[in-house]
Amino acid sequence: MESASDVAKVTENLNIRIRQMECLYSISAEIRLRGNLSQRLRTVTAYLIDGLQLPETASASIRIDGIEYTVRPLPKESLSETFVFDIVVAGTRKGTVEIYFQKKVRFSKEEKRLVKEVALTISNAIERHELARELKGYAGKLEQLVSEKTLELEKSKNRYEDFFNDAPTPMLISHFNGDILKGNHEFYRLLDYPEDGSVHLNFVRDGLYEDPSVRPIIFDKLRQDGFLEGFELALLDRSGTPIPVIGSYIVIEINGEQCVESVYEDIRVRKELERKLIEQNENLEKNVRERTIDLVKQKDLLVTKNQELVTMTKKLRESKIRLQTLFRTITDTVLVIDPDFNILMSNRKNIGSKGKCYKQIFKQDKPCEDCYIQRVFEERSSVSLEKEVDGEHYLLRAYPVFDTDFKVTGALEFSRTITKEKNMERQLLQADKLASLGQLVSGIAHEINNPNTFIRGNLTIVQEALNDIMPILDHIHEAHPDLRIARLNYEMFRQSIPVLVDDMVQGANRIKGIVDGLKKFAKRDEGLLNEKINISAITEACLRLVDNQVRRTADVKAELDPDLPEITGNFQKLQQVIVNILINASQSIDKPRGTIAVSSYRSNGKEIVLKISDNGKGMDEKTVKQIFDPFYTTKRNQGGTGLGLSIAYGIIKEHKGKIEVESKAGIGTSFYIHVPVNPEEI
């Protein structure tokens, strides 16, 4: 007999086991549900706590890819016991299942097994979820692939149909009973029947074999091997004339029925040649005997001619050497190219006499778009064009090479780099634009200056009049406190009108400053370095000139020393340098709003320094080394010529000064213009 305590213990263990089984069942059922996996995991955590021996003092947490799902979180300082099982998906640790207790308890094997089973169940659920998502992606790709392959198969079928119908060799498909299912144009043309296949033919019924006994031979071979090649026979055309052919046959299956695909080669010409060869062989011996006598006579003549040929060969070799030397000394790159774009001959060692022209010249892996060499072969005439590749301009000319049958067998190409000429052309166009702009600016400045002169003069009179009128108006206002002028009460009028007039005076003076700057900028200059110039003053004039453009992208901070000594130089040239650098600075700013800082100061007592800095995109070390090179530009696509900084560098050198640049990519650029106070001391 078992004691009551033993029965109670068994009952308690049974209840724990039942609770754990219910926990596993609930978790499995929850995990199998579709929908948001995150929501499922939160519910699973709650079920897990219910399956523990002391759920009221426990907390559980599931962590997946850094995301934590916790039920009944407990303060860390109150935790006494914990254990952890990993969640592993496809061999990779994706997270953990963690159990915490406030009371110190001894974990049973069943409890640990329960948590381990839960971790395994979650691992399987996540793996199924990821596999389902991946399978869905594969299914979409598979449908697309099937669609593409179906389209490709349809195109292939159409290409086969076109090839079959337009093939230059007679081809047909027929039944074993002799019925012709399908024949191409060349087959019907061979037998002199309508090419559209309107006449239905049968080899047996229509007697298309000159010798009907060949048919069993052909079909016995087909039944045995499935194919037959190079079988010579004769077919009868529509008029009954035998046509010798060589036939090749193969058994194919169409709609579940075995058919024969045949290809014939017309050998009438060969047969005629064989007949003529027999006749020629009969006459050969006679001709040999007759020619032997002639050969003896020609022997002495050949000896003489041989000496002449030796002399001619020597001259030809000398002529060839001269032509090769002339070919290699041609300054243009000269190539001979075949229809497959292969180089047959070249006057440049770095190109050689093999390889594809687009690979050797332009370093491309496929023919150029709108290839003009292809046009030479198609149009059978010379073609010339200009081409730009990686910033280099080429002048290309090609001429067709004809053989004795007037067929184009190649193309003679002349290639010359014209980058320098194109840059000079752009420079001339830019110079012409600047000249036109100078004339336009001069005229506009004159038209603006005339009315502005009246405005400035009249404003001076208005100011003096206001100064005289104000005491009178003050006296009137004392007698009439409600006095209003221009719909304003007198106090507002008394404060605002003088300020408004002062603003108009300043605006008119600013217009005059801008117009004077434009006139100086457009003024024709002889290039002499004989003007007294204040760097700070000229910089202020330049800032006014470019104010509209610069302020679109940046705020300008100017710290110009007004007490700098004057230098001797050319006002217009220095203005050109400063304007160019300011515009470059504004164009380098690629952020919503940047800053351009301009400062002038005296250095070492011997030179004036003008510093122009921006916080734009900056330049790498390679670009910094090239910016003063003629025609180098990073704005070729925006119409840059690469001459601005090159000319600026020359102008400062002409003033016995120097330009230095500091730049870091992504941080900004600073230009330092050094000009000596006394050039004679340099």
Side-chain angles (χ1 to χ4, degrees), residues 391 430 433-434 437 441 506-507 510-511 513-514 517-518 520-521 534-562 564 573-603 608-649 651-652 657-675:
Q430 185 68 14
K433 290 179 181 178
L434 289 175
L437 179 61
V441 166
Q506 292 177 8
R510 188 163 180 260
I511 292 173
I514 294 173
L518 287 173
K520 288 182 179 179
F521 188 77
N534 183 287
I535 289 294
S536 296
I538 192 175
T539 304
E540 288 179 348
C542 292
L543 287 172
R544 287 195 298 269
L545 279 176
V546 300
D547 179 75
N548 186 48
Q549 180 172 349
V550 169
R551 292 195 181 276
R552 295 176 186 172
T553 59
D555 296 320
V556 178
K557 296 182 179 179
E559 295 182 5
L560 303 173
D561 187 350
L564 291 176
K573 288 185 176 181
L574 290 177
Q575 189 180 47
Q576 181 179 355
V577 172
I578 298 171
V579 167
N580 185 279
I581 295 176
L582 286 172
I583 291 176
N584 284 350
S586 69
Q587 292 175 347
S588 72
I589 295 174
D590 54 359
K591 56 188 68 175
R593 195 71 183 169
T595 301
I596 298 176
V598 183
S599 61
S600 61
Y601 54 90
R602 187 166 184 173
S603 176
I608 304 298
V609 179
L610 177 64
K611 178 182 177 183
I612 302 175
S613 302
D614 65 75
N615 60 350
K617 55 189 175 185
M619 298 175 284
D620 55 27
E621 185 176 349
K622 180 181 178 181
T623 304
V624 170
K625 292 179 179 180
Q626 295 178 289
I627 58 172
F628 294 118
D629 294 345
F631 307 115
Y632 177 81
T633 178
T634 60
K635 298 176 287 187
R636 183 79 64 193
N637 294 334
Q638 288 80 35
T641 63
L643 294 172
L645 288 177
S646 172
I647 294 173
Y649 183 85
I651 290 173
I652 299 303
K658 62 181 178 180
I659 298 182
E660 297 176 341
V661 60
E662 296 177 354
S663 185
K664 289 186 179 180
I667 296 178
T669 303
S670 295
F671 280 88
Y672 297 85
I673 302 174
H674 299 259
V675 183

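None of these values were measured; they are calculated from a predicted model.
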*asked:* Set out, in order, the CA-CA distance, both residues' side-chain angles and the distance that settles side-chain contact (heavy atoms from CB on, under 4.5 Å) for Val609 and Ile673, then state yes or no.
replied: CA-CA 6 Å; Val609 179; Ile673 302 174; over 6 Å; no

_Close side-chain approach of Ile535 to Thr539, heavy-atom, < 4.5 Å_ = yes

_Taking the side chain as everything from C-beta on, heavy atoms only, tell me whether Ile596 gets closer than 4.5 Å to Lys557._
no

*asked:* Under a 3.5 Å threshold, yes or no: a donor from one side chain and an acceptor from the other, between Ser600 and Ser536?
replied: yes

*asked:* If you define the side chain from C-beta out and look only at heavy atoms, does anything of Asp561 sit under 4.5 Å from Arg602?
replied: no

*Could you tell me which non-hydrogen atom of Ile583 sits nearest to which non-hydrogen atom of Gln549, and how far apart they are?*
CG2-NE2, 3.5 Å

_Which heavy atom of Leu582 sits nearest to which heavy atom of Cys542, and what is that distance?_
CD1-CB, 4.2 Å

*Any side-chain heavy-atom pair of Ser586 and Val546 under 4.5 Å*: no

*asked:* To check you understand the geometry: which heavy-atom pair defines the closest contact between Val624 and Ile627, and what is its length?
replied: O-CG1, 3.4 Å

*Rounded to the nearest 0.5 Å, what separation is found between the CD1 atom of Ile578 and the NZ atom of Lys573?*
14.5 Å

_Would Asn580 and Gln576 count as a side-chain contact (heavy atoms from CB on, under 4.5 Å) here? Give the steps._
CA-CA 6 Å; Asn580 185 279; Gln576 181 179 355; 5.6 Å; no

*asked:* For a 4.5 angstrom cut-off between non-hydrogen side-chain atoms, does Asp614 reach Thr595?
replied: no

*For the residue pair Leu560 and Ser599, establish whether any side-chain heavy-atom pair is separated by less than 4.5 Å.*
no

_side-chain contact (heavy atoms from CB on, under 4.5 Å), that's the test. Do Ile659 and Phe671 meet it? Break it down for me._
CA-CA 7 Å; Ile659 298 182; Phe671 280 88; 3.9 Å; yes

_Sequence-distant partners of Ser663, side chain to side chain donor-acceptor pair (under 3.5 Å), two or more places apart_ = Thr669

_Tell me the closest heavy-atom pair linking Asp555 and Arg593, and the distance in Å._
OD1-NH2, 3.0 Å

*So how far is it from Asp620 CG to Lys625 NZ, rounded to the nearest 0.5 Å?*
10.0 Å

_Straight-line distance of Tyr601 OH to Lys611 NZ, nearest 0.5 Å_ = 6.5 Å

*Could you give me the CA-CA distance, side-chain angles and deciding distance for Ile667 and Asn615, then say whether side-chain contact (heavy atoms from CB on, under 4.5 Å) is met?*
CA-CA 6 Å; Ile667 296 178; Asn615 60 350; over 6 Å; no

*More than 12 heavy atoms from other groups under 6.0 Å of CD on Glu660*: yes

*Flag the pair Lys664 / Met619 as yes when at least one side-chain heavy-atom distance between them is below 4.5 Å, and no otherwise.*
no

*Please examine the side chains of Leu543 and Val556, heavy atoms only from C-beta on, and report whether any two atoms are closer than 4.5 Å.*
yes

*For Lys658 and Ile652, which heavy atoms make the closest approach, and how far apart are they?*
N-CG2, 3.2 Å

